[in-house]
Amino acid sequence: MSSTSPIIVALDFPDAPAAMRMADQLDPARCRVKVGKELFTSSGPAVVEALQYKGFEVFLDLKFHDIPNTTASAVQAAAELGVWMVNVHAGGGRRMMEACRDILERRSNRPLLTAVTILTSLEQEDLQEVGIDIEPMVQVQRLARLTQECGLDGVVCSAREAKALRNALGDNFLLVTPGIRPAESSADDQKRIVTPSQALENGSSYLVVGRPITKAEKPEQALEAILATL
Ligand SMILES: O=c1ccn([C@@H]2O[C@H](COP(=O)(O)O)[C@@H](O)[C@H]2O)c(=O)[nH]1
């Protein structure tokens with residue numbers, strides 16, 4: 001089932017039963033779901049298949065970052081699973097991203113391919129510590145431009161950068177934005193946060209929301225409350 005909702009719910013759970021209990025409370029017409037490192041490491045492709053069987057489009061958020069051959073093969077394996085979107089780290093560089101694009105281009109049915117720019121949990125001081133002496137906005141723009149040149153479908157970034165990226169890179173480039181926090185929500189470990197309505201206003205294509213929905217007493221109501229603000 002293909003949803004028109006911009007919301008992607010991050011299923012960050014320790015095992016498949018916990019993730020499926022959450023999925024049972026969600027409607028594939030109202031959101032997509034994201035499988036990340038914790039759930040995929042514990043439960044593997046079977047949980048992706050189970051979610052797809054329930055009608056969800058799945059963003060496989062494993063943020064591959066390796067040499068071109070290894071990363072392209074991993075992206076190919078994700079495509080075999082039938083996921084809706086898969087991602088790599090833009091920091092893996094041009095040759096890595098082009099290898100991933102090339103391997104997917106040979107397929108009739110391919111997932112969307114996006115690249116992570118700068119994690120939304122990082123701020124300027126964090127970048128400085130790893131030798132990047134510029135503002136997140138500047139580094140995100142640099143990596144997003146490279147990602148577009150390599151022929152990928154879009155980037156993962158903070159919605160704080162979405163307006164500048166939308167203006168610079170056009171309407172067809174996907175901006176997938178985690179770090180979404182409804183007003184009054186806890187930021188948790190996120191740093192570059194934005195409210196759902198502001199994210200859409202800034203030009204985000206998809207809003208990735210985890211704990212504000214999955215830790216809510218009534219997740220389906222939390223999702224509906226977010227959708228109502230958009
Ligand atoms: O820059 C990034 C890239 C990925 N994520 C992932 O999104 C969700 C966010 O979950 P919340 O509970 O809403 O904070 C999580 O799965 C991250 O791995 C990100 O946050 N930032």
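None of these values were measured; they are calculated from a predicted model. Whatever order the structure lists them in is the order used to number ligands and atoms, beginning at 1.
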Assess K215 for proximity to ligand 1: is some non-hydrogen atom of it under 4.0 Å away? no

Ligand 1 contact by R181, heavy-atom criterion under 4.0 angstrom: yes

On a heavy-atom basis, which atom in [X] and which in [Y] lie closest, and how many Å separate them?
X	Y	result
I103	A72	CG2-O, 3.5 Å
L62	K37	O-NZ, 3.4 Å
R181	S185	CD-CB, 4.0 Å

Among I8, V176, T177, side-chain contact (heavy atoms from CB on, under 4.5 Å) partner for L207: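 Result: among I8, V176, T177, T177 is the only option passing the side-chain contact (heavy atoms from CB on, under 4.5 Å) with L207.
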
pair L122-K191: side-chain heavy atoms closer than 4.5 Å: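 Of all side-chain heavy-atom pairs linking K191 with L122, none is under 4.5 Å.
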
Decide yes or no for T214 and F13: does some side-chain heavy atom of the first lie under 4.5 Å from some side-chain heavy atom of the second? yes

Could you identify the single nearest non-hydrogen protein atom to [atom] and state the distance to 0.1 Å?
atom	answer
atom 20 (O) of ligand 1	Q190 NE2, 2.7 Å
atom 17 (C) of ligand 1	K34 NZ, 4.0 Å
atom 21 (N) of ligand 1	T120 OG1, 2.7 Å

With heavy atoms of [X] as the reference, note each atom of ligand 1 found under 4.0 Å away.
X	value
L119	1 (O), 2 (C), 3 (C)
P178	2 (C), 3 (C), 4 (C), 5 (N), 7 (O), 19 (C), 20 (O), 21 (N)
V208	7 (O), 8 (C)
A10	8 (C), 16 (O)
G210	10 (O), 11 (P), 12 (O), 13 (O)
R211	11 (P), 12 (O), 13 (O), 14 (O)

Determine, considering heavy atoms only, which of T117, L207, V140, D12 sits nearest to atom 15 (C) of ligand 1. D12

Other residues, nucleotides and ligands only: do more than 12 of their heavy atoms fall within 6.0 Å of CG on N172?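 Open.
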
Give the contacting part of K63 toward ligand 1: side chain, backbone, both or neither, where contact means a heavy-atom distance below 4.0 Å.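 It is the side chain that gets close, since no backbone atom is under 4.0 Å.
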
Is the closest side-chain donor-acceptor distance between T147 and R142 under 3.5 Å?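 Absent: no donor and acceptor within the cut-off.
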
Does a side chain donor of either Q190 or S121 reach within less than 3.5 Å of an acceptor in the other side chain? no

